[in-house]
Amino acid sequence: SQQGEEDPQALSIQEGENATMNCSYKTSINNLQWYRQNSGRGLVHLILIRSNEREKHSGRLRVTLDTSKKSSSLLITASRAADTASYFCATDVTDTGRRALTFGSGTRLQVQP
Amino acid sequence: ETGVTQTPRHLVMGMTNKKSLKCEQHLGHNAMYWYKQSAKKPLELMFVYSLEERVENNSVPSRFSPECPNSSHLFLHLHTLQPEDSALYLCASSQRLGYGYTFGSGTRLTVV
């Protein structure tokens, strides 16, 4: 079963507005990470938040983690057209002895200039 | 360039062909991964190699065969693929298991 699921699936905003994407997951995690992907290229790591952390910032990015609700959110403030991309959450879990990231289906963000 | 290089960028192969995808990193990372990205599906982990563990994924069909000759190179050998194997194949590396990944740009594979 899918570990991480993003919400919404697609989001369209105007430049300068804030964009919020949510991620829910099912099992206990070691950490949660957010990535972006531009049109079929490789993914780019944005931020990692550990299971004992609640909030983390990196530039215009703010990530929160609520382990009691098994959810995370990514906030992009003052969005730019260049932020247009797909954003994925990924959970670091140890599953049957194998440790690797499990990705969600992603949120497609469109920032209109 | 991210530091993880994948070749070729695009590959078209027939169902009876044998080909290999190559991934190379010189970031000093100790773990490497193969992921498959199909349209409208989440990334699927195929294989993990690390100094801590080498993990085969029994859910991946045997027509996909990984090879990791050293910590900097990872191959995915392909033979007798099916059209549904057409996808973007992504290689990634990380310093250790559980750390952030650095992805390559991927190989767009089309099986005809």
Side-chain angles (χ1 to χ4, degrees), chain A residues 1-7 9-10 21 23-53 56 58 61 63 74 85-108, chain B residues 1-7 9-10 23 25 27 29-60 66 86-110:
Chain A
S1 63
Q2 191 169 315
Q3 167 71 332
E5 295 193 22
E6 288 89 343
D7 171 62
Q9 291 187 339
M21 288 158 269
C23 170
S24 60
Y25 58 92
K26 296 186 174 72
T27 63
S28 295
I29 61 173
N30 303 306
N31 63 63
L32 185 144
Q33 304 178 28
W34 284 90
Y35 290 79
R36 67 173 276 167
Q37 183 180 36
N38 288 81
S39 55
R41 299 288 296 242
L43 281 72
V44 175
H45 180 257
L46 296 176
I47 200 164
L48 181 155
I49 186 165
R50 292 184 169 77
S51 59
N52 62 352
E53 297 177 309
K56 207 160 183 180
S58 177
L61 305 181
V63 168
L74 170 67
S86 291
Y87 291 82
F88 297 86
C89 70
T91 47
D92 174 41
V93 300
T94 302
D95 178 24
T96 59
R98 184 187 74 193
R99 184 173 183 181
L101 291 183
T102 301
F103 287 81
S105 299
T107 293
R108 292 185 307 280
Chain B
E1 286 297 331
T2 63
V4 176
T5 303
Q6 287 188 246
T7 54
R9 294 290 299 273
H10 300 274
C23 178
Q25 61 91 8
L27 300 170
H29 287 176
N30 294 310
M32 297 185 77
Y33 315 82
W34 280 116
Y35 279 84
K36 174 185 178 183
Q37 187 177 33
S38 305
K40 300 182 180 179
K41 290 179 69 175
L43 270 76
E44 301 171 63
L45 175 68
M46 299 179 74
F47 301 102
V48 179
Y49 281 85
S50 75
L51 291 181
E52 292 109 326
E53 61 180 313
R54 169 185 167 173
V55 180
E56 299 289 335
N57 190 336
N58 294 326
S59 67
V60 177
S86 298
L88 181 68
Y89 288 84
L90 292 163
C91 173
S93 69
S94 65
Q95 187 176 356
R96 294 186 62 182
L97 296 177
Y99 284 47
Y101 288 8
T102 301
F103 279 86
S105 296
T107 294
R108 175 69 62 184
L109 174 67
T110 303

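Residue numbering restarts at 1 for every chain, and letters A, B, ... go by the order of the sequence lines.
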Q: Looking at every heavy atom in both A:Gly42 and B:Leu90, which two are closest together, and how far apart are they?
A: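 Nearest heavy atoms, A:Gly42 then B:Leu90: CA-CD2, 3.9 Å.
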Q: Does any backbone or side-chain atom of A:Leu48 lie under 4.5 Å from a heavy atom of chain B? Answer side chain, backbone, both or neither.
A: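 The side chain, not the backbone.
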Q: State, to 0.1 Å, how close A:Ala100 and B:Tyr35 come at their nearest heavy-atom pair, and which atoms those are.
A: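 Smallest interatomic distance, heavy atoms only, reads CB-OH, 4.2 Å.
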Q: Counting heavy-atom pairs under 4.5 Å to chain B, which of A:Leu43, A:Asp92, A:Leu46, A:Ile47 comes out on top?
A: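 Result: the option with the highest number of such pairs is A:Leu43.
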Q: Pick one of side chain, backbone, both or neither for A:Gln37, based on which atoms fall under 4.5 Å of a heavy atom in chain B.
A: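 For A:Gln37, the contact with chain B is made by the side chain alone.
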Q: Please check: side-chain N/O of B:Tyr101 versus main-chain N/O of A:Leu101, any donor-acceptor pairing under 3.5 Å?
A: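 Yes, because the side chain of B:Tyr101 sits within donor-acceptor range (under 3.5 Å) of the backbone of A:Leu101.
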Q: Is the number of heavy atoms from other residues, nucleotides or ligands within 6.0 Å of CD (A:Glu53) greater than 12?
A: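 Yes, enclosed.
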Q: At their closest point, which heavy atom of B:Ser105 faces which heavy atom of A:Arg41, and how far apart are they?
A: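 Nearest pair, atom of B:Ser105 first, then A:Arg41: OG-NH2, 3.5 Å.
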Q: Work out which heavy atom in B:Gln37 is nearest to a heavy atom in A:Phe88; give both atom names and the distance.
A: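 That would be NE2-CZ, 3.9 Å.
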Q: Is it the side chain or the backbone of A:Asn31 that comes within 4.5 Å of chain B heavy atoms, both, or neither?
A: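 For A:Asn31, the contact with chain B is made by the side chain alone.
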